[in-house]
Amino acid sequence: MNTINVNSEIGRLEGVILHTPGVEIEQMTPETTHHALYSDILNLKIAQKEYSFFEKVLSTWCKTYQVKDLLKQVLQQQEAKTKLLKTILKRENKEFLFEEMMEVENNNLANYLIEGYPYKDGKHPKEYKEGRFVLDPLYNLFFTRDASSSVYSNVLINAMRTEVRDRESFIMESIFENLFECKIINPKLSSDVTATEGGDVLIAKEDILFIGNGLRTNKKGIEFLAQYFATHKAKQKILVQELPQTLDSYIHLDMVFNFLSSNECIAFTPLICKNNTGFNTTIIDIDNGKITYKEATNFIEATKILGFDLRPIACGGTDQWTQRREQWHSGANFFCMGEGKIIGYARNTHTIEELSKNGFSVIEAKDIVSGKENLNNYNKFVVTVEASELPRGCGGARCMTMPIYRQEVKW
């Protein structure tokens, strides 16, 4: 059993769950991209090459786990396998597949649950023939951040906003129930209209969360979390930022804001730092069961009220056009491997330049993988991953990581 411990966004990373994109992302067609939550189809070979550098950098830093490997371990346990299959098939109205899929060899079953279960002529209802799959592929699984979130010593099994991603949360719930030692928080049990996703949940401190309210995480989901902490913790604060619902690039809070260190953050400044944006910022204060709400002028001001002194580094630099362009391709979506030690896409050149101006040594991922550079020789750095295909999936480095263990931070 592995324990869970994530009390910040910046503590040195010691364990993280990943999923290397596989053939599931190659199963999209132009007609199904919207259903799959994409705006375009991806080239698997290029995406995997880009991802390999990302994964290898993380593997030099900490212990990495692959979802598929963990799922295979779960499926070896007959009771867990039965429960997981029943849960998935009931949710997707495919219970007629249960006996058939229970007979599938476990390694193959893990592949089918991720890559899709193909239609078999004469065996499955003909309505599935045109789509090729009776169970759809998990097109978004390489964004491991969303379906589950480590929250302190707990794991939040997120109530996904879209049905096409529900299976991801069921798989992650089974993994944490059977392979990890943790308490599970499951908002899906409260209501079908409750929605939370991991890209909206940032662990600021051991008693402070930052949460986005937008396309994916709704007010019902935030209310559930407030009530949960009112019941389970004496004191907890939640900073809620309302997000635009016009562009997919604003899909989660971590697409416009992320911690870089205890006193630095990356921010899409037009939304995070300005007043009168038209999007509300609210502080929820939970004190011995009592919940109170207070409005703030903007997100960065609200962080000051909560005791942070964060210096924003602008995603895209100072020009409004480059800010918009780079935010679109995850220019604010950096991932902390430790305090002042971050990784993100090289394509966001103006953002990388801003980080360099603020003392971050710029290191190419390929130089770490080849052994030319050693991250331990740097106190403060940004690892840049060359990527053109991965960003088209509408997610960045934080989206592709689900931390399960970080060292404590001395604030």
Side-chain angles (χ1 to χ4, degrees), residues 1-9 14-19 65-92 110 113-114 138 140-141 143-163 165-203 206-207 209 211 216-218 220-234 236 238 286 401-406:
M1 299 289 281
N2 301 282
T3 58
I4 302 297
N5 187 65
V6 176
N7 289 301
S8 74
E9 293 288 320
E14 294 192 346
V16 64
I17 295 179
L18 307 172
H19 174 66
Y65 302 77
Q66 284 281 336
V67 173
K68 187 180 288 187
D69 293 338
L70 296 172
L71 177 57
K72 288 176 181 178
Q73 291 181 48
V74 169
L75 295 176
Q76 291 171 10
Q77 305 175 32
Q78 191 69 10
E79 185 177 342
K81 174 182 176 179
T82 301
K83 180 182 176 182
L84 177 59
L85 266 182
K86 284 185 174 180
T87 301
I88 290 171
L89 297 177
K90 182 179 180 180
R91 177 62 177 173
E92 300 187 29
L113 289 176
I114 292 172
L138 297 183
N140 298 275
L141 186 60
F143 298 128
T144 53
R145 173 68 59 169
D146 294 332
S148 58
S149 312
S150 299
V151 180
Y152 312 129
S153 60
N154 314 305
V155 172
L156 172 65
I157 301 300
N158 286 298
M160 309 300 279
R161 191 66 174 265
T162 53
E163 289 186 10
R165 300 197 69 181
D166 272 345
R167 198 186 321 146
E168 296 175 51
S169 63
F170 296 142
I171 287 172
M172 297 309 293
E173 181 177 27
S174 188
I175 285 170
F176 284 106
E177 278 185 343
N178 293 286
L179 304 180
F180 289 81
E181 186 174 338
C182 60
K183 183 171 183 179
I184 287 177
I185 307 170
N186 194 341
K188 198 72 173 178
L189 298 178
S190 68
S191 167
D192 283 341
V193 297
T194 300
T196 60
E197 293 197 6
D200 279 316
V201 181
L202 277 67
I203 316 301
E206 60 276 359
D207 59 352
L209 297 178
I211 298 182
R216 297 295 179 84
T217 298
N218 63 15
K220 286 287 185 182
I222 295 168
E223 288 171 5
F224 168 86
L225 290 173
Q227 290 294 337
Y228 177 87
F229 286 111
T231 303
H232 291 85
K233 286 186 73 175
Q236 178 74 43
I238 302 174
I286 301 162
T401 52
M402 195 284 193
I404 56 174
Y405 204 95
R406 288 185 183 273

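Everything quoted here is computed from the prediction, not taken from an experiment.
The heavy-atom pair separating Val201 from Ser149 by the smallest distance is CB-OG, 4.4 Å. The two residues Ile286 and Phe229 have their closest heavy-atom pair at CD1-CB, 3.9 Å. The two atoms that bring Leu202 and Glu9 nearest to each other are CA-OE2, 3.4 Å, heavy atoms only.
The closest side-chain heavy-atom distance from Tyr65 to Leu179 is not below 4.5 Å. Annotation: side chain of Ile175 is in contact with side chain of Met172 (closest heavy-atom distance under 4.5 Å).
Checked against side-chain contact (heavy atoms from CB on, under 4.5 Å), Lys220 has the following partners two or more places apart in sequence or in another chain: Val193, Thr194, Asn218, Glu223. Residues satisfying the side-chain hydrogen bond (donor to acceptor under 3.5 Å, both in side chains) test with Glu92, not counting sequence neighbours, are Arg167. Applying the side-chain hydrogen bond (donor to acceptor under 3.5 Å, both in side chains) rule to Lys81 yields the partners Asn106; only residues at least two apart in sequence or on another chain are considered.
Salt bridge status for Lys83 with Glu177: present, with a side-chain N to carboxylate O gap under 4.0 Å.
Atoms CG and CE, from Leu18 and Met402 in turn, are 11.0 Å apart once rounded to the nearest 0.5 Å.
When only modelled atom types and interatomic distance are considered, Asn140 and Glu168 share no side-chain donor-acceptor pair under 3.5 Å.
Taking the six-membered ring for Trp and thresholds of 30 and 60 degrees, His232 and Tyr228 have nearly parallel ring planes, at less than 30 degrees apart.
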